[in-house]
Colleague: 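Sharing a structure, written as structure tokens. Questions coming.
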Amino acid sequence: MKKEFIFLGPPACGKGTQTDKLAAFLNLPHIDTGSLLRNEIAKKTEEGLIAKSHIDKGQLVPIDLVASIIEKKLASDECKNGYVLDGYPRSLEQAEKLDIINANIDINSNVDFKAIYFEIDTQILIDRIINRQSCPVCGEIYNKKYKPSKFENLCDKCNVALKTRDDDTEEIAKKRFETYYEQTAPLVDFYKDKNVLYRIDANGTIEEVWTRLLDVINL
Ligand code: AMP
């Protein structure tokens, strides 16, 4: 059975950490649209330049740009056993596009599709965002307050300087929350109506949320 997971939840709700763990646990590719777009920006491609102008304002990047990146990935051999998709879909239009992509690639497969919704108290999230750091080499995510690296600003695994995302400022974070509530939150009902929505209490430690996630995926 092919396993397909998508994740819903506000910025910094812990999706990145948990989806990374889940992909490793199930031996599936972790496809994170935010990181794919940041790679395009780092490579200074035309797509990267367009993406940056939206990311810097806390807005969604145009659907055609994101959908074409996602479509190529999901149709690739890497995803033949399924995928853990993080950061897509983020609007009803993107969810409808994902249905079309899946219908094309899953013609001959039995699929177990789950939409996992991380429910969390939003007050702590801005604080999480402005303290977030990640390793530019291995992608490990840290937080100066909640999950500090052993040595300040250095990755525990790679020993290189940690980076802060350009859009992790308070001002852009507030705009990202507005975008989330306007465009992404309605997807909870979209997937609930299809009977594929699973809710997780995302408050608590990484291990507590991980245990809840395992309970849900074993259903
Ligand atoms: P993230 O790393 O998931 O927080 O995404 C960072 C930023 O990348 C978002 O604020 C958006 O500007 C952009 N982005 C990521 N995924 C998408 C998507 N599915 N559709 C449009 N824009 C996206």
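Just follow the structure's listing: the first ligand is 1, and inside any ligand the first atom is 1. Numbers for residues simply follow the sequence, beginning at 1.
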Colleague: Considering non-hydrogen atoms of the protein only, which is the closest contact for atom 16 (N) of ligand 1, and what is the distance?
Modeller: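 Checking every protein heavy atom, the shortest distance to atom 16 (N) of ligand 1 gives T33 OG1, 2.8 Å.
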
Colleague: Do the non-hydrogen side-chain atoms of F7 and L22 ever get within less than 4.5 Å of each other?
Modeller: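 Side chain of F7 against side chain of L22, heavy atoms only: contact under 4.5 Å found.
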
Colleague: Specify side chain, backbone, both or neither for V66, according to which of its non-hydrogen atoms lie closer than 4.0 Å to ligand 1.
Modeller: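 Looking at V66 and ligand 1, just side chain atoms fall under 4.0 Å.
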
Colleague: Any side-chain heavy-atom pair from L8 and F118 closer than 4.5 angstrom?
Modeller: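 Contact flag for L8/F118 side chains = no.
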
Colleague: Which one holds for D167 and ligand 1: side chain close, backbone close, both close, or neither close, with close meaning a heavy atom under 4.0 Å?
Modeller: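 Under 4.0 Å from ligand 1, D167 contributes side-chain atoms alone.
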
Colleague: Just by distance, no angles: are the side chains of N153 and Q133 close enough, under 3.5 Å, to form a donor-acceptor pair?
Modeller: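 Judged by distance alone, the side chains do pair up.
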
Colleague: Starting from atom 22 (N) of ligand 1, locate the nearest protein heavy atom and write down its residue, its atom name and how far away it is, to 0.1 Å.
Modeller: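 Ranked first by proximity to atom 22 (N) of ligand 1 is V61 N, 3.0 Å.
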
Colleague: Counting non-hydrogen protein atoms only, what is the nearest one to atom 20 (N) of ligand 1? Give residue, atom name and distance.
Modeller: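 Its nearest protein heavy-atom neighbour is Q94 NE2, 2.7 Å.
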
Colleague: Within a radius of less than 6.0 Å around CD of E208, do more than 12 heavy atoms belonging to other residues, nucleotides or ligands occur?
Modeller: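 Yes, the 6.0 Å shell around CD holds more than 12 heavy atoms from other groups.
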
Colleague: Side chains of E140 and D156: closer than 4.5 Å at any heavy-atom pair?
Modeller: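 SC-SC contact between E140 and D156 ruled out.
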
Colleague: Under 6.0 Å from the six-membered ring centre of Y142 and within 45° of its axis: does the NZ or CZ of K147 meet both?
Modeller: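 Pair K147/Y142 counts as cation-pi.
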
Colleague: Got a sec: does the CG of D193 have more than 12 other heavy atoms crowding it under 6.0 Å?
Modeller: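 More than 12 heavy atoms, drawn from other residues, nucleotides or ligands, come within 6.0 Å of this atom.
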
Colleague: Heavy-atom contacts with R38 under 4.0 Å: which atoms of ligand 1 show up? List them by number with element.
Modeller: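 Close to R38: 2 (O), 6 (C).
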
Colleague: For atom 19 (N) of ligand 1, which protein heavy atom lies nearest, and how many Å away is it?
Modeller: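 For atom 19 (N) of ligand 1, the nearest protein heavy atom comes out as G87 O, 2.8 Å.
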
Colleague: Between K3 and N81, is there a donor-acceptor pair closer than 3.5 Å when you use the side chain of the first and the backbone of the second?
Modeller: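 Checking the backbone N and O of N81 against the side chain of K3, no donor-acceptor pair under 3.5 Å is found.
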
Colleague: Taking side chain as C-beta onward, heavy atoms only, is H54 less than 4.5 Å from P62?
Modeller: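 When only atoms from C-beta onward are counted, P62 and H54 do touch, with a gap below 4.5 Å.
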
Colleague: Quick one: look at L37 and ligand 1, take heavy-atom pairs under 4.0 Å, and tell me if it's side chain, backbone, both or neither.
Modeller: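 Answer for L37: side chain.
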
Colleague: Looking only at protein heavy atoms, which one is nearest to atom 11 (C) of ligand 1, and how far off is it?
Modeller: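 Result: Q59 O, 3.6 Å.
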
Colleague: For atom 3 (O) of ligand 1, tell me which residue out of K15, R90, E93 has the closest non-hydrogen atom.
Modeller: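 It is R90 that holds the nearest heavy atom.
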
Colleague: Among all protein heavy atoms, pick out the one at the shortest distance from atom 10 (O) of ligand 1; state its residue, atom name and that distance to 0.1 Å.
Modeller: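 Closest protein heavy atom to atom 10 (O) of ligand 1: R176 CG, 3.8 Å.
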
Colleague: As an exercise, identify every atom of ligand 1 less than 4.0 angstrom from a heavy atom of G34.
Modeller: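 With G34 as reference, the close atoms of ligand 1 come out as 2 (O), 5 (O), 15 (C).
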
Colleague: Where is the nearest protein heavy atom to atom 6 (C) of ligand 1: which residue, which atom, and how far?
Modeller: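 Nearest neighbour among protein heavy atoms for atom 6 (C) of ligand 1, to 0.1 Å: R165 NH2, 3.4 Å.
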
